[in-house]
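Each remark here refers to the structure printed beneath this line.
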Amino acid sequence: MTLAAGCHATLERWRADVAVRLALAGNPNVGKSSLFNWLTGMGVATANYPGKTVEVALATTRFKGQEIGIMDLPGTYALGSTAEDQWVARQALLDGKPDAVVAVVDATRLERHLYLPLQLLDMGLPLVIALNLVDEAWRSGLRIDHLRLGRLLGVPVVPTVAIRGQGLDRLMEVALEEARQSGRISTPRYGRDIEEAISALAEGLVKSGAPLPWGLPARAVAVLLLEDDEAALEWAASLPGGGEIVAQSRAAASQIAE
């Protein structure tokens, strides 16, 4: 068995062992590991992709009598295809196919931490935001209206203090509810010029008839192409007539930038 096959086998076993699967995502040092440890305790397995030193932690937990799989992604600021932590986090999401993702953000530096949740939404993933470190935010004089933030993003936002376990029961309840309604996806909407480019690219991808990569929706692939994502561009270039798709995406990105 190759290393890659071994990693896929580990994720497949994790998927098969439980009925509901959640992934934890977040920037480094947001308290994600504290949340993972609080939820799971002992019995953690790890999965490695070949040539990568960054690990994905896998565990199971019980909540209100239900067995739940928890996947702890490496801390990362984005889901690109070049940096190792970004690549591993994204690939584990695509391979593990969680029913919902819990994005842990730092309430004291919220403006820096919303990029990753928006990327997760762009990928078409059901999402819950754990607004962590709210106690530190309060001590700093910050008051975040988590209900309004949730309405703006179109996803539930749950205040937490993971290191003390505060808010985690509510977080699990909301995450399980989102997992059960996995067909309900909130999609960020950008400016008209960007939306027109995304729509045109997505339409072209659908018309090409080619199976879309990683099981992603056409809109998600179009966004990756506009972001000049290396893996997405490589996939597009491999298609019959793929050179035209790549050229279209680069021209659209250039026009948006201008």
Side-chain angles (χ1 to χ4, degrees), residues 8 11-12 14-15 18-27 30 32 35-36 39 47 49 54 56-58 68-81 83 85-105 113-132 149-158 160 171-190 194-195 198 201-202 205 211-227 229 231-232 235:
H8 287 299
L11 288 169
E12 283 299 317
W14 173 78
R15 282 182 52 79
V18 290
V20 180
R21 295 158 293 272
L22 304 176
L24 303 181
N27 295 179
V30 295
K32 183 170 60 64
L35 195 156
F36 180 73
L39 292 176
Y49 285 94
V54 179
V56 177
L58 304 167
I68 302 164
I70 307 289
M71 175 167 59
D72 186 22
L73 303 172
T76 181
Y77 294 101
L79 296 173
S81 58
D85 57 347
Q86 297 180 20
W87 187 93
V88 170
R90 185 168 86 179
Q91 198 60 41
L93 281 171
L94 297 171
D95 291 337
K97 299 179 175 62
D99 299 299
V101 181
V102 176
V104 186
V105 302
H113 288 257
L114 289 179
Y115 180 69
L116 181 61
L118 288 173
Q119 279 199 308
L120 291 164
L121 290 175
D122 277 333
M123 289 175 67
L125 296 168
L127 188 71
V128 175
I129 292 180
L131 185 64
N132 199 35
L149 178 62
R151 288 194 296 270
L152 289 170
L153 295 174
V155 300
V157 177
V158 181
T160 61
L171 179 66
M172 289 296 287
E173 290 172 355
V174 172
L176 289 176
E177 182 64 25
E178 287 301 300
R180 296 186 192 103
Q181 302 182 44
S182 57
R184 185 181 68 184
I185 307 296
S186 175
T187 305
R189 294 289 161 178
Y190 304 106
I194 298 175
E195 288 299 328
I198 292 173
L201 272 175
L205 292 172
L212 296 174
W214 315 300
L216 291 175
R219 177 186 171 88
V221 179
V223 170
L224 289 174
L225 290 171
L226 285 174
E227 291 178 339
D229 182 84
W235 166 80

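Here the side chain of Asp99 pairs a donor or acceptor atom with the backbone of Arg21 at under 3.5 angstrom. Between the Thr187 side chain and the Gly124 main chain, no donor and acceptor come within less than 3.5 Å of each other. The closest donor-acceptor contact from the side chain of Asp85 to the backbone of Pro74 lies at 3.5 Å or more, if one exists at all.
Leu153 contributes atom CG, which lies 6.0 Å from atom CG of Leu114 (distance to the nearest 0.5 angstrom). Atom NZ of Lys32 and atom CG of Leu24 lie 6.5 Å apart (nearest 0.5 Å). Here the OH atom belonging to Tyr190 is positioned 5.0 Å from the CG atom belonging to Leu118, to the nearest 0.5 angstrom. To the nearest 0.5 Å, the span separating CZ on Phe36 from CG on Leu58 amounts to 7.0 Å. Atom-to-atom distance recorded for Trp214:CH2 and Gln91:CD is 8.0 Å, nearest 0.5 angstrom. Here the straight-line distance linking atom CG of Leu201 with atom CG of Leu225 works out to 6.0 Å at 0.5 Å rounding.
Residues Leu116 and Tyr77 have side chains not in contact (no heavy-atom distance under 4.5 Å, counting atoms from C-beta outward). Using a 4.5 Å cut-off on side-chain heavy atoms (C-beta onward), Asn132 and Val30 make no contact. Side-chain contact between Glu178 and Val155: absent, with no pair of heavy atoms (C-beta onward) separated by less than 4.5 Å. Taking the side chain as every heavy atom from C-beta outward, Arg219 and Glu195 approach each other to under 4.5 Å. Leu79 is listed as a side-chain neighbour of Leu93, based on a closest heavy-atom distance under 4.5 Å. Counting heavy atoms from C-beta on, the side chains of Pro98 and Met71 come closer than 4.5 Å. The closest side-chain heavy-atom distance from Ile129 to Val158 is not below 4.5 Å. Side-chain contact between Leu171 and Leu39 is absent, with no heavy atoms from C-beta onward closer than 4.5 Å.
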Does Leu212 form a side-chain contact (heavy atoms from CB on, under 4.5 Å) with Trp235? I'd like the steps, not just the answer.
CA-CA 9 Å; Leu212 296 174; Trp235 166 80; 3.9 Å; yes
For the pair Val105 and Leu131, evaluate side-chain contact (heavy atoms from CB on, under 4.5 Å) and give the outcome as yes or no after the intermediate values.
CA-CA 5 Å; Val105 302; Leu131 185 64; 3.8 Å; yes
Would you sort out whether Asn27 and Val104 count as a side-chain contact (heavy atoms from CB on, under 4.5 Å), showing the intermediate values?
CA-CA 8 Å; Asn27 295 179; Val104 186; over 6 Å; no
Run the numbers on Gln119 and Gln86 for side-chain contact (heavy atoms from CB on, under 4.5 Å), then give the verdict.
CA-CA 12 Å; Gln119 279 199 308; Gln86 297 180 20; over 6 Å; no
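Nearest heavy-atom pair, Gly154 versus Ser186, reported as atom, atom and distance to 0.1 Å: O-CB, 3.3 Å. In plain terms, the two heavy atoms of Leu120 and Val101 that are nearest each other are CD1-CG1, 4.0 Å. Closest approach of Val102 to Ala130, counting heavy atoms only: CG1-CB, 4.0 Å. Heavy atoms only, all atoms of each residue included: Val18 and Gly69 are closest at CG2-N, 3.5 Å. Here the closest non-hydrogen pair linking Ala103 and Leu127 is CB-CD1, 3.8 Å.
Residues Asp229 and Arg90 are paired through a salt bridge, judged by an N-O separation under 4.0 Å between the basic side chain and the carboxylate.
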